[in-house]
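Input: a single structure, listed below in structure tokens.
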Amino acid sequence: MKKKLTVVIVVVFTSALGLYFAFTSNRSDSASSPKKEEAQVQQLTPPDAYVTLDGAVRYQTIDNFGASDAWSMDPLGKYWTEENKNRVADLLFSREKGIGLSAWRFNIGAGSIETDQSRIPDPWRRAESFKLSEEGNYDWSRQAGQQWFLQAAKDRGVDTLIAFVNSPPVWMTKNGHAQPDEEVGSTNLKEGYEDEFAAFLIDILEHFSEAGLDFEYISPINEPTWDWNLAQQESNRYNNEDLKRVILELHRQLKESGLEAQISAPDGVEITALLDDEVYGQFAGGGTYSGGANSLGTGKYREYIKELLGDPRLKEAIGNKIASHSYWSDYSKPGDDRLGKLRQLLDANLKKYDEKAKYWVTEYCILGDYGPGRDLGIEPALHVARTIHFDLTEANAAAWQWWTAVSKVDYKDGLIYTDFSEAGDEQNILTSKIMWALGNYSKFIRPGAQRISLAGLDEDARSGLLGSAYVHVGEQTVTAVFVNDSEDDKRVRVSLDGVDQHHSIAFMEPYITSAGQDLVRGESVPVLDDYSFEAVIPARSVVTLTGGGADGTVE
């Protein structure tokens, strides 16, 4: 039986009395309202789009929105004041003071801080390890700064903790370093060390579980496709056979341990590397994926959907979920539509093996020609919001996770930026519009929410206005997120279908991220009697509308 959505929604509208609401501020005085004659002109102008929300048509369930602690949180946690650390934690994890991330990725270091000073010149790209040698004991005081933020995330209600690995510990690698080189072959993990690697990860998961910090997921491999030769960061490659051995052994030991952590894999570097060869050919016009280590002659580094979901043993081990990254998949060009067509092919490829297969985006920041140059403004935020939208609506992603939460470099890779580099430097905190735009999703679309139908907008990547909608039975809320990357305000008229119309929502609350606003709450919007509403989405903004919270809002 279909669930019913009990909703009454109101939004920005122009009444016969000339009332006009634009998402600008929390003020209601006359100085902030449009003039009467302007409202009358607006009233005569037809909406830019007619939109329908249908609560009876439901898609994927959202698991989380998150970010990772690599590589910055260890130095911040070690050297920053308690006040500044808590401010960063509030911005990332708190729903009241920040963007309310619901997942946090903890990097299990390989120990490159001891071995790779020359190979990895930037100390922020090196990491400690809990175990420094095969014969040595664990030192749980390591990665202390990361552990501070892990606890801070838990304390602020982050309920999905994910441990991930860039490289096995250096004493398990063939070359004794935390990144491969040309001589190591298909992988830098020592031959036959899958059991030692799995045991190392189990020991860490058990230690943190005893401390009250249970990791729900463990990701043993990161971007296995890339060759990573002398990459100046912790990293490793694995061909498909290497990858399978690691996953199956870890799965075996997890079952024996009694831990409830699930394996997340393969954390592919880009969508095209996931696809079956014939599906890749449909997108690229022929050929097979040849990026990364596929050119080394050391095995196969592609077709992860087929290799994992197509094998019953691997499918069980990874819980019917494919994890990957959205790098180089954030644009749409004639003949190269990665935002739309590529994600549609990805979704169909997953469903070929299982209609219920789940897709997670576990890492993204802006790379390519647009990546260089720190930019705290709205332009990259709109770029990211557009990417999130298509990951959710075309790829049906159940989770979406940003790369590095805090950055000190001149690149579009951070949510928060700082100029701090080493102890004694100024501990400045610079928030980006990217962070606030992510908050338009993460703060309101909570774990357990379901995406519902939002129809009536042109889903072309260059249309200027995009929208998606969600219901959450647990929190009894209805939420819609609009992305307007055009130069003009967009007025939409929205009708609600699939709802039990009993005025369960008296108001919708707008939250706006724009050039001048950081997830600012606008005026509450009253409900119209015919269960439709009009909303003005300001030019170059991301707007979240959310309402409900009372029993009976959503059935």
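Worth knowing before you read on, the calculation uses all heavy atoms, side chains too, and leaves out hydrogens, waters and symmetry mates.
- Side chains of Gln427 and Asn84: a donor-acceptor N/O pair is present below 3.5 angstrom, by distance only.
- Residues Tyr417 and Leu376 are in side-chain contact: their nearest non-hydrogen atoms beyond the backbone lie under 4.5 Å apart.
- Between Glu223 and His325, the closest side-chain pair of non-hydrogen atoms falls below 4.5 Å.
- With respect to the salt-bridge test (charged N to carboxylate O, under 4.0 angstrom), the residues Lys78 and Glu128 qualify.
- Side-chain contact check for Tyr470 and Ser468: at least one donor-acceptor pair (N or O, by modelled atom type) lies under 3.5 Å.
- For the pair Leu339 and Ser329, the minimum side-chain heavy-atom distance is 4.5 Å or more.
- Listed by chain and residue number, nothing satisfies the salt bridge (Lys or Arg N to Asp or Glu O under 4.0 Å) test with Arg125 (two or more places apart in sequence, or in another chain).
- Between Asp488 and Lys490, none of the side-chain N atoms (NZ, or NE/NH1/NH2) sits under 4.0 Å from a carboxylate O, so this pair counts as no salt bridge.
- With sequence neighbours excluded, the residues that form a side chain to side chain contact (heavy atoms under 4.5 Å, CB included) with Gln151 are Lys154, Asp155, Leu213.
- Here salt bridge (Lys or Arg N to Asp or Glu O under 4.0 Å) pairs that include residues 417-437, with residues two or more places apart or in two chains, are Arg374-Asp419, Lys433-Asp518.
- In terms of modelled atom types and a separation under 3.5 Å, the side chain of Thr387 and the main chain of His383 share a donor-acceptor contact.
- Note: Leu392 CG to Ile62 CD1 = 5.5 Å, rounded to the nearest 0.5 Å.
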For this session: Show your working on side chain to side chain contact (heavy atoms under 4.5 Å, CB included) between Lys321 and Tyr217 and close with a plain yes or no.
Result: CA-CA 12 Å; Lys321 174 174 67 67; Tyr217 292 92; 3.7 Å; yes

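- Residues forming a side chain to side chain contact (heavy atoms under 4.5 Å, CB included) with Ser324 (at least two apart in sequence, or on another chain): Leu274, Tyr359.
- Listed by chain and residue number, Lys408 satisfy the salt bridge (Lys or Arg N to Asp or Glu O under 4.0 Å) test with Asp122 (two or more places apart in sequence, or in another chain).
- Around the OH atom of Tyr79, the shell of radius 6.0 Å holds no more than 12 heavy atoms that belong to other residues, nucleotides or ligands.
- Note that the CD atom of Glu82 and the CZ atom of Arg87 stand 15.5 Å from one another [nearest 0.5 Å].
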Exercise. Run the side chain to side chain contact (heavy atoms under 4.5 Å, CB included) check on Phe215 and Ile108 step by step: do they pass?
Worked result: CA-CA 12 Å; Phe215 286 105; Ile108 297 176; over 6 Å; no

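- Not counting sequence neighbours, the partners of Ser514 by the side chain to side chain contact (heavy atoms under 4.5 Å, CB included) test are Ile512, Gln517, Ser541.
- For Lys333 and Asp337, the salt-bridge test fails: no basic side-chain N is under 4.0 Å from an acidic carboxylate O.
- Residue Trp400 is tested with Phe390, Trp360, Phe65, Tyr364 for a ring-ring contact (aromatic ring centres under 6.0 Å, His included); the sole match is Tyr364.
- The side-chain heavy atoms of Ile429 and Leu91, taken from C-beta on, include a pair separated by under 4.5 Å.
- Taking the side chain as every heavy atom from C-beta outward, Ile416 and Leu430 never approach each other to under 4.5 Å.
- Rounding to the nearest 0.5 Å places CG of Asp267 at 9.5 Å from CG of Asn166.
- Contact of the Leu342 side chain with the Thr272 side chain is registered, since non-hydrogen atoms from C-beta on lie closer than 4.5 Å.
- Using a 4.5 Å heavy-atom threshold, the side chains of Leu161 and Asp214 count as separate.
- When only modelled atom types and interatomic distance are considered, Thr546 and Thr479 share a side-chain donor-acceptor pair under 3.5 Å.
- Residue pairs meeting the ring pair (Phe, Tyr, Trp, His ring centres under 6.0 Å) criterion with at least one member in residues 144-165, sequence neighbours excluded, do not occur.
- The environment of Asn428 atom CG is dense: over 12 non-hydrogen atoms of other residues, nucleotides or ligands sit within 6.0 angstrom.
- Residues in residues 339-348 take part in these side-chain hydrogen bond (donor to acceptor under 3.5 Å, both in side chains) pairs, two or more places apart or across chains: Arg343-Asp391, Gln344-Glu394, Asp347-Lys351, Asp347-Asn396.
- Sorted by first and then second residue, the salt bridge (Lys or Arg N to Asp or Glu O under 4.0 Å) pairs with a member in residues 536-549 read Glu379-Arg540, Glu487-Arg540; sequence neighbours excluded.
- Residues passing the salt bridge (Lys or Arg N to Asp or Glu O under 4.0 Å) test with Arg126, sequence neighbours excluded: none.
- Taking 4.0 Å as the cut-off between side-chain N and carboxylate O, Arg338 and Asp330 do not count as a salt-bridged pair.
- Judged by distance alone, the side chains of Gln401 and Asn64 do bring a donor and an acceptor atom under 3.5 Å apart.
- Without hydrogens or angle criteria, Tyr411 side chain to Ser407 main chain gives no donor-acceptor distance under 3.5 Å.
- The CG atom of Leu92 sits 11.0 Å away from the OG1 atom of Thr431 when rounded to the nearest 0.5 Å.
- Side chains of Asp69 and Asn107: no donor on one and acceptor on the other come within 3.5 Å.
- Aromatic rings of Trp104 and Trp402 (six-membered ring for Trp) have centroids beyond the 6.0 Å cut-off, not under it.
- Not counting sequence neighbours, the partners of Asp63 by the salt bridge (Lys or Arg N to Asp or Glu O under 4.0 Å) test are Lys358.
- In this structure, a donor-acceptor pair under 3.5 Å is present between the side chains of Asn440 and Thr544.
- Enclosure of atom NZ in Lys97 is not indicated, since only 12 or fewer non-hydrogen atoms of other residues, nucleotides or ligands lie within 6.0 angstrom.
- A donor-acceptor pair shorter than 3.5 Å can be found between the side chains of Arg521 and Ser524.
- Arg493 forms no cation-pi arrangement with Tyr50, by the criterion of a distance under 6.0 Å to the ring centre and an angle within 45° of the ring axis.
- Side-chain contact check for Leu415 versus Val406: every heavy-atom pair is 4.5 Å or farther apart.
- A ring pair (Phe, Tyr, Trp, His ring centres under 6.0 Å) check over residues 424-448, counting only residues at least two apart or in different chains, returns the pairs Phe444-Tyr511.
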